[in-house]
**Student:** 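Next up is a structure, given as structure tokens.
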Amino acid sequence: MNISVVGGGYVGLVSAVCFSQLGHVVNLIEIDQTKVDAINQGRPTIYESGLEEILLAHAGRNLTATSDYEGIPDSEVILICVGTPQAQDGSADLTMIASASRSIGIALQKSEGYHVVAVKSTVPPGTTEHLVRPTVMKYSGKGNDIGFVMNPEFLREGLAVQDFMKPDRIVIGSSEGKAGDLFEKVYSGLQAPLIRTSLTAAEMIKYTSNAFLATKISFSNEIGNICKRLGIDVYEVMNGVGQDHRINPYFLNAGAGFGGSCFPKDVSALVHLAKDVGEEPVLLNAVVEINDRQPMRMIKLLEKKVGDLQGKKIAVIGLAFKNDTDDARESRAIPVIMELKRKGANVAAYDPLANSSMSKIIPDITYCISASQALNMADACLVMTEWPQFSLLDKEFELMRLKVIIEGRRILSCKDAEGICW
Ligand code: UGA
């Protein structure tokens with residue numbers, strides 16, 4: 001099939017590359033010319049395991065990046081993969097969805113035949129029907145030759161290629177059977193249950209999936225906080241709990257809370273959406289509140305152990321929002337470092353990949369080239385990311401002035417470490 005993907009960000013690039021691997025002819029539209037050039041040369045603009053090899057195999061062959069919309073009329077399927085960042089009031093900002101829809105509409109003016117416009121971006125229920133469809137229709141000036149689909153993505157950073165190629169399920173919401181039937185073909189070759197729904201149900205499935213996973217984490221954190229008071233290891237508890245197939249063992253790891261570009265933004269958008277329709281989201285509010293409080297518990301525990309933080313050197317090990325990524329967006333290390341700074345501590349930070357991205361968020365702390373450098377003469381150490389290599393840290397802790405080690409993620413093998421909720 002001939003497919004256009006609008007937006008060469010995280011989801012757009014991974015999807016375009018994986019669709020080319022499935023044998024489709026893919027036209028990736030990205031406004032940033034630097035990204036376009038890099039992609040056409042086979043260089044991924046993000047770090048993602050397995051992406052580069054597939055991109056190298058298809059760039060310049062059946063995958064081309066461009067900054068214009070000229071390839072749109074030739075595409076049977078056009079996927080919208082632009083960002084929906086969090087607006088000031090917590091809702092989803094749909095500006096880029098509206099402008100992509102307008103550009104697609106204009107590009108389709110000259111086209112003949114049937115096209116499917118599919119939204120892959122995470123959007124509030126009703127967006128495809130009430131924003132994308134009327135905008136595309138208005139600017140294209142066409143009658144019934146365009147069908148609409150909503151196809152949520154469930155890609156985890158770091159595992160996005162694997163998640164794309166081996167999905168648990170593929171959700172296709174459609175305005176009409178014909179649109180959904182044609183769209184199904186973009187995934188032919190993948191083995192996964194296909195779930196056909198309405199447009200709005202597909203939009204809601206995405207928010208609900210992320211909100212449910214975030215709820216599992218906040219639930220585990222609350223149980224962890226109770227367990228800590230009782231002197232029980234929450235990891236032993238959740239291991240026993242997760243063996244129940246109705247619960248499953250995933251996303252039960254207690255710690256400093258969830259971060260990243262998706263969970264915080266999507267839970268907030270769902271809270272906003274609930275309030276908009278007159279529903280008080282009691283559980284979702286609690287999920288957010290627990291997540292906001294967890295990092296502050298690290299600071300309280302730290303103060304209990306070392307007293308006043310003024311002038312103390314505190315090593316913060318792990319800055320990425322999770323391991324195997326250089327992404328520090330909404331990392332739990334951010335509120336922790338901000339509070340350390342507010343209390344007058346000298347922060348020495350280290351991450352295997354995310355020093356650079358964190359330095360754009362918090363520039364005025366010391367960034368170290370190794371864990372040893374951060375730990376040298378430190379009064380305490382806070383571990384914020386589950387990097388596997390941190391489990392090997394041992395003698396490095398001997399460099400500290402005081403051996404106070406607090407984990408926000410369960411990763412160290414060092415016996416002197418105390419967990420935030422274990
Ligand atoms: C998440 C979802 O897992 C994907 O399915 C979804 O497609 C994606 O958001 C999205 O909406 O685009 P991602 O943000 O890459 O993926 O990260 P996760 O692996 O889900 O982790 C999110 C946060 O939860 C991290 O800070 C992680 O450390 C934390 N977490 C995860 C825990 O604190 N405990 C756990 O047990 C699991």
Side-chain angles (χ1 to χ4, degrees), residues 3 5-19 21-22 46-51 54 77 79-86 92 97 118-125 127-128 149-174 180 183-218 247-253 258-270 273 284 287 321-325 327 329-330:
I3 299 175
V5 174
V6 180
Y10 197 82
V11 174
L13 179 59
V14 171
S15 302
V17 169
C18 291
F19 281 130
Q21 173 79 352
L22 292 179
I46 52 166
Y47 170 79
E48 191 60 50
S49 167
L51 190 67
I54 312 181
V77 169
L79 283 119
I80 299 180
C81 297
V82 296
T84 50
Q86 189 170 329
I97 296 281
V119 176
K120 218 177 206 329
S121 311
T122 300
V123 292
T127 305
T128 309
V149 157
M150 201 286 152
N151 169 230
E153 56 84 16
F154 304 106
L155 310 176
R156 287 166 296 173
E157 277 194 39
L159 296 167
V161 172
Q162 179 192 311
D163 285 348
F164 189 99
M165 291 300 185
K166 291 186 180 149
D168 287 345
R169 79 299 205 190
I170 295 167
V171 175
I172 300 176
S174 55
F183 189 77
E184 271 189 18
K185 294 189 187 141
V186 303
Y187 288 111
S188 57
L190 295 186
Q191 301 295 320
L194 266 175
I195 302 166
R196 295 281 293 265
T197 68
S198 64
L199 288 171
T200 45
E203 290 163 331
M204 195 64 180
I205 285 169
K206 169 65 191 203
Y207 278 111
T208 309
S209 297
N210 275 1
F212 186 75
L213 292 170
T215 303
K216 281 184 94 173
I217 298 169
S218 279
I247 298 174
N248 91 32
Y250 307 106
F251 281 68
L252 296 178
N253 291 338
F258 55 83
S261 62
C262 304
F263 286 179
K265 160 180 92 78
D266 292 348
V267 177
S268 156
L270 195 52
L273 191 75
L284 295 176
V287 168
F321 86 93
K322 65 176 187 179
N323 57 294
D324 292 330
T325 176
D327 192 345
R329 282 176 292 176
E330 297 294 328

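Throughout, numbering of the chain's residues begins at 1 and tracks the sequence. Remember, predicted model here, so these are calculated numbers, not experimental data.
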**Student:** Can you find a pair of side-chain heavy atoms, one from Val11 and one from Ser121, that are under 4.5 Å apart?
**Tutor:** no
**Student:** Go through it in stages, so that I can follow the logic: the residues are Val267 and Asn210, the test is side chain to side chain contact (heavy atoms under 4.5 Å, CB included), and I'd like the CA-CA distance, side-chain angles, deciding distance and then a yes or no.
**Tutor:** CA-CA 7 Å; Val267 177; Asn210 275 1; 5.8 Å; no
**Student:** Report the distance from atom CZ of Phe263 to atom CZ of Phe321, rounding to the nearest 0.5 Å.
**Tutor:** 8.5 Å
**Student:** Is there side-chain contact between Asp266 and Lys206, with at least one heavy-atom pair below 4.5 Å?
**Tutor:** yes
**Student:** Would you check, one step at a time, whether the test side chain to side chain donor-acceptor pair (under 3.5 Å) holds for Asn151 with Tyr187?
**Tutor:** CA-CA 11 Å; Asn151 169 230; Tyr187 288 111; 2.6 Å; yes
**Student:** Can you name the nearest heavy-atom pair linking Pro152 to Ala202, along with the distance?
**Tutor:** CG-O, 3.7 Å
**Student:** Would you compute the distance between atom CG of Leu51 and atom SG of Cys18 and round it to the nearest 0.5 angstrom?
**Tutor:** 7.0 Å
**Student:** Could you tell me whether the side chain of Phe164 reaches within less than 4.5 Å of the side chain of Val17, counting heavy atoms only?
**Tutor:** no
**Student:** How close do Leu270 and Ala211 get, counting heavy atoms only, and between which atoms?
**Tutor:** CD2-CB, 3.6 Å
**Student:** Mind checking the CE-OG1 spacing from Met204 to Thr197? Nearest 0.5 Å is all I need.
**Tutor:** 12.5 Å
**Student:** For Pro167 and Ala192, which heavy atoms make the closest approach, and how far apart are they?
**Tutor:** O-CB, 3.5 Å
**Student:** Are the side chains of Val14 and Ile46 in touch, meaning some heavy atoms are under 4.5 Å apart?
**Tutor:** yes
**Student:** Does the distance from a Lys or Arg side-chain N to an Asp or Glu carboxylate O, for Lys265 and Glu330, drop under 4.0 Å?
**Tutor:** no
**Student:** Are Ile205 and Thr208 packed together at the side-chain level, in the sense that at least one heavy-atom pair is separated by less than 4.5 angstrom?
**Tutor:** no
**Student:** Apply side chain to side chain contact (heavy atoms under 4.5 Å, CB included) to residues Asp163 and Phe154 and explain how you reach the verdict.
**Tutor:** CA-CA 7 Å; Asp163 285 348; Phe154 304 106; over 6 Å; no
**Student:** So, for Glu48 and Ala160, which heavy atoms are closest and what is the spacing to 0.1 Å?
**Tutor:** OE2-N, 2.9 Å
**Student:** Of all heavy-atom pairs between Gly12 and Val5, which one has the smallest distance, and what is that distance?
**Tutor:** O-CG1, 3.7 Å
**Student:** Measuring from atom CG of Asp324 to atom OH of Tyr47, what distance do you get when rounded to the nearest 0.5 angstrom?
**Tutor:** 6.0 Å
**Student:** Within the structure provided, determine whether Glu153 and Leu79 are in side-chain contact (heavy-atom separation under 4.5 Å).
**Tutor:** no
**Student:** Please check this pair: side chain of Lys216 against backbone of Ile247, looking for a donor-acceptor N/O pair closer than 3.5 Å.
**Tutor:** yes
**Student:** Do Phe183 and Ser174 have side-chain heavy atoms sitting under 4.5 Å apart?
**Tutor:** no
**Student:** Check step by step if side chain to side chain contact (heavy atoms under 4.5 Å, CB included) holds for Ile97 and Thr127.
**Tutor:** CA-CA 9 Å; Ile97 296 281; Thr127 305; 4.2 Å; yes
**Student:** Looking at Glu203 and Thr122, would you say the former's side chain and the latter's main chain have a donor-acceptor pair under 3.5 Å?
**Tutor:** no
**Student:** Going by heavy atoms in the side chains, are Val149 and Val77 under 4.5 Å from each other?
**Tutor:** no
**Student:** Between CE of Met165 and CG of Leu22, what distance do you get to the nearest 0.5 Å?
**Tutor:** 4.5 Å
**Student:** Atom CG in Asn253, atom CD1 in Ile217: separation rounded to 0.5 Å?
**Tutor:** 8.5 Å
